[in-house]
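Reminder, nothing fancy here: chain letters follow the sequence lines and each chain counts from 1. Remember, predicted model here, so these are calculated numbers, not experimental data.
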Number of protein chains: 2
Amino acid sequence: MRRVTEPPVLDESGLDRALDRLRQAVRRRGLKGSSVRDAIARAALQRRGHFSVDDLLKELRERGVTDVHTSTVYRVLPLLVEVGLLQMTLVSAGDGARYERAFEREHHDHLICTRCGKIVEFEVEAIEALQREVAERFGFRLTDHVHELLGTCKDCSAAAARG
Amino acid sequence: MRRVTEPPVLDESGLDRALDRLRQAVRRRGLKGSSVRDAIARAALQRRGHFSVDDLLKELRERGVTDVHTSTVYRVLPLLVEVGLLQMTLVSAGDGARYERAFEREHHDHLICTRCGKIVEFEVEAIEALQREVAERFGFRLTDHVHELLGTCKDCSAAAARG
DNA sequence: CTTCCTGCAAAGGCTTTGCAAAGCT
DNA sequence: AGCTTTGCAAAGCCTTTGCAGGAAG
């Protein structure tokens, strides 16, 4: 069992590799290139941690990329996920989708404090192995999983005990 | 690792025990009794498998309990979950909440075919133990978890291979 | 020149909220 | 009586969709 630490922001060469992957996927599917899509990918890939669609729109504006419409982001994100640049996370929160970078990033699950929102990222190879066993046992080909542990962190537990 | 089978529909005495638990919780919180709330609880507890708010409304109408408004169901469900009568599931589906009975029902996680929607319920004690270890290691008090394995079932894999 | 992409506006689907009437204790 | 619960209608939020003009190959 180990804690997975947040990686540094993707540097320029990492960004190039990511955009290459995107371009290849775009070509393979017979789609067309687009500077807007690239800008969205860049903004998403260089954001730290978890972000919502709205966060991403703000990030774009901060980068001077104005005029990118919400609906466009909604249309582009699924592709970025399929291609493996991003992944959807924090599904249990309920209020809107959250994304995080998946490209050149270790796999991990989340331990979430439901009081303060603190998030610990971890990885337990034994759990992953067991998940694969479960899928195999029931004849499934595993493509993904959602695994979030919900609880109260030490600080919040202490606060609750005091107050 | 074992498959968890769906339990039989809760019988009358089970329903009584469940409603007792609900009444006690209601009293403890200084709330008031309500036949509408009880009817919602009854309908929810006797439904098979997973259901949406809409399914529950239909179930109520089939039982002749008309006039129960959607918003009331939305207001009642959280209590039923807190009290342990129901639990929210299939979070990863995205489109609206799904519930299932939790009262006098074994804990289990879900293996879901993303093509046909087939659901296998399973339980792996080793995974549960590891989850507890993770929480402890990071100072969290675990209250819940979301654990869904997503993939393609045998039939759908075969269909995909053919077509 | 054909097909895809994008901004815009509108619609959709699920859920929440404000309010007044009705229901409990 | 005093507080909770409920139906109803309206609003909220996130997300999707239809369309027309613009961009890419």
Residue-level proximity of [range] to DNA chain D when a heavy atom falls under 4.0 Å:
| range | value |
| --- | --- |
| residues 49-59 of chain B | none |
| residues 15-24 of chain A | none |
| residues 36-44 of chain B | V36(B), R37(B) |
| residues 62-69 of chain B | D67(B), V68(B), H69(B) |

For H69(B), enumerate each residue passing the ring-ring contact (aromatic ring centres under 6.0 Å, His included) test, keeping only those at least two apart in sequence or located in another chain.
->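 In terms of ring-ring contact (aromatic ring centres under 6.0 Å, His included), with neighbours along the sequence ignored, H69(B) is linked to no residue.
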
Quick one: ring-ring contact (aromatic ring centres under 6.0 Å, His included) partners of H50(B), sequence neighbours excluded?
->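 ring-ring contact (aromatic ring centres under 6.0 Å, His included) list for H50(B), sorted by chain: H110(B).
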
May I ask you to test the F51(A)-E59(A) pair for a side-chain heavy-atom distance under 4.5 Å?
->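 Of all side-chain heavy-atom pairs linking E59(A) with F51(A), none is under 4.5 Å.
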
At what distance, to the nearest 0.5 angstrom, does [atom1] of [X] lie from [atom2] of [Y]?
| X | Y | atom1 | atom2 | answer |
| --- | --- | --- | --- | --- |
| M88(A) | L77(A) | CE | CG | 8.0 Å |
| E121(A) | T89(A) | CD | OG1 | 8.0 Å |
| L56(A) | Y74(A) | CG | OH | 10.5 Å |
| R21(B) | Q24(B) | CZ | CD | 9.0 Å |
| H108(B) | E6(B) | NE2 | CD | 9.0 Å |

Identify the 5'-most and 3'-most nucleotides of DNA chain C with at least one atom closer than 4.0 Å to a non-hydrogen atom of chain B.
->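 Using the under 4.0 Å cut-off, the span is dC14(C) to dT25(C).
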
Main-chain N/O of L10(A) paired with Q46(A) side-chain donor or acceptor, under 3.5 Å |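 Side chain of Q46(A) to backbone of L10(A), a donor-acceptor pair under 3.5 Å: yes, one is there.
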
Side chain of E148(A), backbone of S92(A): donor and acceptor closer than 3.5 Å?
->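 Indeed, once roles are kept as given, a pair shorter than 3.5 Å links the two residues.
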
Got a salt bridge between [X] and [Y], using NZ or NE/NH1/NH2 to carboxylate O under 4.0 Å?
| X | Y | answer |
| --- | --- | --- |
| D20(A) | R23(A) | yes |
| R137(A) | E133(A) | no |
| R42(A) | D38(A) | no |
| R2(B) | E106(B) | yes |

For atom CZ of R115(B), decide whether the heavy atoms of other residues, nucleotides or ligands shown that lie under 6.0 angstrom number more than 12.
->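 No, CZ of R115(B) has 12 or fewer neighbouring heavy atoms, counting only those of other groups under 6.0 Å.
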
Does a sphere of radius 6.0 Å around CD in E136(B) hold more than 12 heavy atoms from other residues, nucleotides or ligands, not counting ones at 6.0 Å or beyond?
->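 Atom CD in E136(B) is not packed in, count stays at 12 or less.
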
Residue met sooner reading DNA chain C from 5', once V76(A) and D95(B) are mapped to nucleotides |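 Looking at the nearest nucleotide for each, V76(A) comes out on the 5' side.
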
Residues sharing I119(B)'s hydrophobic cluster, by side-chain heavy-atom contacts under 4.5 Å among ILVMFWY, directly or via others?
->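 I119(B) clusters with L90(A), V91(A), I112(A), I119(A), V146(A), L150(A), L90(B), V91(B), I112(B), V146(B), L150(B).
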
Transitive ILVMFWY cluster of F140(B) at side-chain heavy atoms under 4.5 Å: who else is in it?
->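 Result for F140(B) is M1(A), L111(A), V120(A), F122(A), V124(A), I127(A), L130(A), V134(A), F138(A), F140(A), L142(A), L149(A), M1(B), L111(B), V120(B), F122(B), V124(B), I127(B), L130(B), V134(B), F138(B), L142(B), L149(B).
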
Separation of R27(B) atom CZ from dT4(D) atom P, in whole Å?
->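 Rounded to whole Å, this separation is 17 Å.
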
Reading 5' to 3' through nucleotides 19-25 of chain D, protein heavy-atom contacts under 4.0 Å coded B for base, S for sugar-phosphate only, - for none = -----BS

Per the end-axis method with five pairs at each terminus, what is the bend angle of the helix from dC1(C)-dG25(D) to dT25(C)-dA1(D), to 10°?
->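 Its terminal axes enclose an angle near 30°.
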
Side chain to side chain contact (heavy atoms under 4.5 Å, CB included) involving D155(B) - partner list, sequence neighbours excluded =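 Scan of D155(B) (side chain to side chain contact (heavy atoms under 4.5 Å, CB included), adjacent residues dropped) gives K118(B), C153(B).
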
Below 6.0 angstrom between ring centroids: does that apply to H147(B) and H107(B)?
->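 Distance test on ring centres: not under 6.0 Å, no.
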
